[in-house]
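Working notes, beginning with the structure itself.
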Amino acid sequence: MTTTTLAIANQKGGVAKTTTVASLGAALAELGHRVLLVDLDPQACLTFSLGIDPEDLELSVHHVLTKGLDASEVIIETEDGVDLLPATIELARAEADLLTRTGREHVIKGAMEDLAESGAAYDWVLLDCPPSLGVLTVAALTAAEGVLIPLQCETLSHRGVGQLLDTVHDVRRFTNRGLEVWGVLPTLFDGRTNHARKVLETISDTYDLDVVEPPIPKTIKFAEAPAAGRSILATSRSSKGARAYRDVAVNLVERRK
């Protein structure tokens with residue numbers, strides 16, 4: 001089976017992007033897939049939420065992208081059954097380091113190709129993009145076959161979708177002709193409000209995007225998971241949030257067939 005690389009992107013913070021990467025990764029691993037998660041956010045929230053203290057790390061994705069270190073030397077196995085290419089605060093420097101570099105858009109793609117050549121076989125690579133449309137997000141979109149947009153179902157949060165889609169359009173033109181938008185994943189969804197449902201309809205109509213089902217419900221269980229250093233699939237297996245991510249994972253597997 002070939003590797004599917006999916007960028008999880010939205011330049012707006014607080015839309016459950018990192019939660020989505022960790023939970024989908026764990027759900028895909030439960031389905032028997034080999035999964036690599038890549039933390040591209042200098043805040044290293046994904047790394048921390050999987051039980052790894054970024055301050056204890058000597059090597060991170062920063063060294064892979066800016067120093068040419070082989071990703072296989074940095075990857076960590078996690079208790080959630082997924083592998084992680086971790087981030088540290090040093091990654092904040094990578095944006096500046098890469099700005100002047102030729103081919104900077106291709107650094108993540110190159111690192112993933114090197115990893116595949118070294119014999120690492122992943123079914124899925126999920127890229128956790130930083131909350132910006134800078135160099136690292138563009139490099140992630142250049143490396144990916146698809147982009148999934150987590151979106152909080154509130155009016156303001158979907159104003160950034162247009163900007164992200166403009167970036168996707170540019171990436172298609174210049175660095176990755178095959179990039180597809182897999183759709184919007186509604187997060188922090190409160191199905192009891194008409195407003196949340198209305199926002200969903202507006203998004204699919206305005207931007208002509210698929211809505212990835214089912215919506216991820218708003219639940220306190222998500223806040224409890226990172227403190228335990230595991231995803232919600234481990235900390236609260238039968239919660240509605242965990243079930244929703246399992247269903248989304250099944251739908252993504254179907255989508256890639």
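Residues: numbered from 1 along the sequence shown.
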Short question: side chain of [X], backbone of [Y] - any donor-acceptor pair under 3.5 Å?
{"X": "Ser236", "Y": "Ile232", "answer": "no"}
{"X": "Ser49", "Y": "Leu46", "answer": "yes"}
{"X": "Arg104", "Y": "Val135", "answer": "no"}
{"X": "Arg172", "Y": "Gly178", "answer": "no"}
{"X": "His106", "Y": "Gly103", "answer": "no"}
{"X": "Thr187", "Y": "Val15", "answer": "yes"}
{"X": "Lys17", "Y": "Pro150", "answer": "no"}
{"X": "Asp70", "Y": "Ser72", "answer": "yes"}
{"X": "Asp39", "Y": "Leu85", "answer": "no"}

Kindly compute the distance separating [atom1] ([X]) from [atom2] ([Y]), expressed to the nearest 0.5 Å.
{"X": "Asn10", "Y": "Leu133", "atom1": "CG", "atom2": "CG", "answer": "8.5 Å"}
{"X": "Lys67", "Y": "Asp97", "atom1": "NZ", "atom2": "CG", "answer": "6.0 Å"}
{"X": "Ser132", "Y": "Lys12", "atom1": "OG", "atom2": "NZ", "answer": "14.5 Å"}
{"X": "His63", "Y": "Leu57", "atom1": "NE2", "atom2": "CG", "answer": "10.0 Å"}
{"X": "Thr142", "Y": "Leu127", "atom1": "OG1", "atom2": "CG", "answer": "10.5 Å"}
{"X": "Leu252", "Y": "Trp182", "atom1": "CG", "atom2": "CH2", "answer": "6.0 Å"}

Cation-pi, Trp124 ring and Arg256 (6.0 angstrom, 45 degrees): yes
Any side-chain donor near an acceptor of the partner, Ser231 and Tyr245, under 3.5 Å: no
Under 3.5 Å side-chain donor-acceptor pair for Thr78 and Asp80: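 Distance-only check fails for Thr78 and Asp80.
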Treat each ILVMFWY residue as a node, draw an edge where side-chain heavy atoms are under 4.5 Å apart, and state whether [X] and [Y] are in one component.
{"X": "Ile8", "Y": "Leu31", "answer": "yes"}
{"X": "Leu40", "Y": "Phe48", "answer": "no"}
{"X": "Leu164", "Y": "Leu188", "answer": "no"}
{"X": "Leu148", "Y": "Val250", "answer": "yes"}

Salt bridge Arg34-Asp123, side-chain N to carboxylate O under 4.0 Å: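 Salt bridge: no.
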Ionic contact status for Glu30 with Arg237, cut-off 4.0 Å: yes
Test side-chain contact (heavy atoms from CB on, under 4.5 Å) applied to Leu37 and Asp83, step by step: CA-CA 6 Å; Leu37 307 183; Asp83 286 357; over 6 Å; no
Side chain proximity check, Leu233 to Arg246, heavy atoms < 4.5 angstrom: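 When only atoms from C-beta onward are counted, Arg246 and Leu233 do touch, with a gap below 4.5 Å.
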Residues Leu141, Val168; criterion side-chain contact (heavy atoms from CB on, under 4.5 Å); working and verdict: CA-CA 7 Å; Leu141 294 172; Val168 167; 4.3 Å; yes
Residue list, salt bridge (Lys or Arg N to Asp or Glu O under 4.0 Å) with Asp41, at least two apart or on another chain: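 Here no residue qualifies.
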Verdict with reasoning, Thr4 to Tyr122, per side-chain hydrogen bond (donor to acceptor under 3.5 Å, both in side chains): CA-CA 8 Å; Thr4 299; Tyr122 291 103; over 6 Å; no
More than 12 heavy atoms of other groups within 6.0 Å of Glu90 CD: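 Atom CD in Glu90 is packed in, count exceeds 12.
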More than 12 heavy atoms of other groups within 6.0 Å of Asp205 CG: yes
side-chain contact (heavy atoms from CB on, under 4.5 Å) between Leu136 and Leu98, intermediate numbers included: CA-CA 9 Å; Leu136 290 171; Leu98 291 170; 4.1 Å; yes
Pairing residues for Arg255 by the side-chain hydrogen bond (donor to acceptor under 3.5 Å, both in side chains) criterion, not counting sequence neighbours: Glu180
Matching residue for Glu145 among Thr5, Leu6, Leu179, Asn176 - test: side-chain contact (heavy atoms from CB on, under 4.5 Å): Thr5
Test side-chain contact (heavy atoms from CB on, under 4.5 Å) applied to Ile108 and Leu65, Val61, Val138, the passing residue: Leu65
Atom of Val211, atom of Pro186 and distance for their closest heavy-atom approach: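 Shortest heavy-atom separation between Val211 and Pro186 comes out as CG1-CG, 3.7 Å.
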Derivation and outcome, side-chain contact (heavy atoms from CB on, under 4.5 Å), residues Val21 and Val38: CA-CA 9 Å; Val21 174; Val38 182; over 6 Å; no
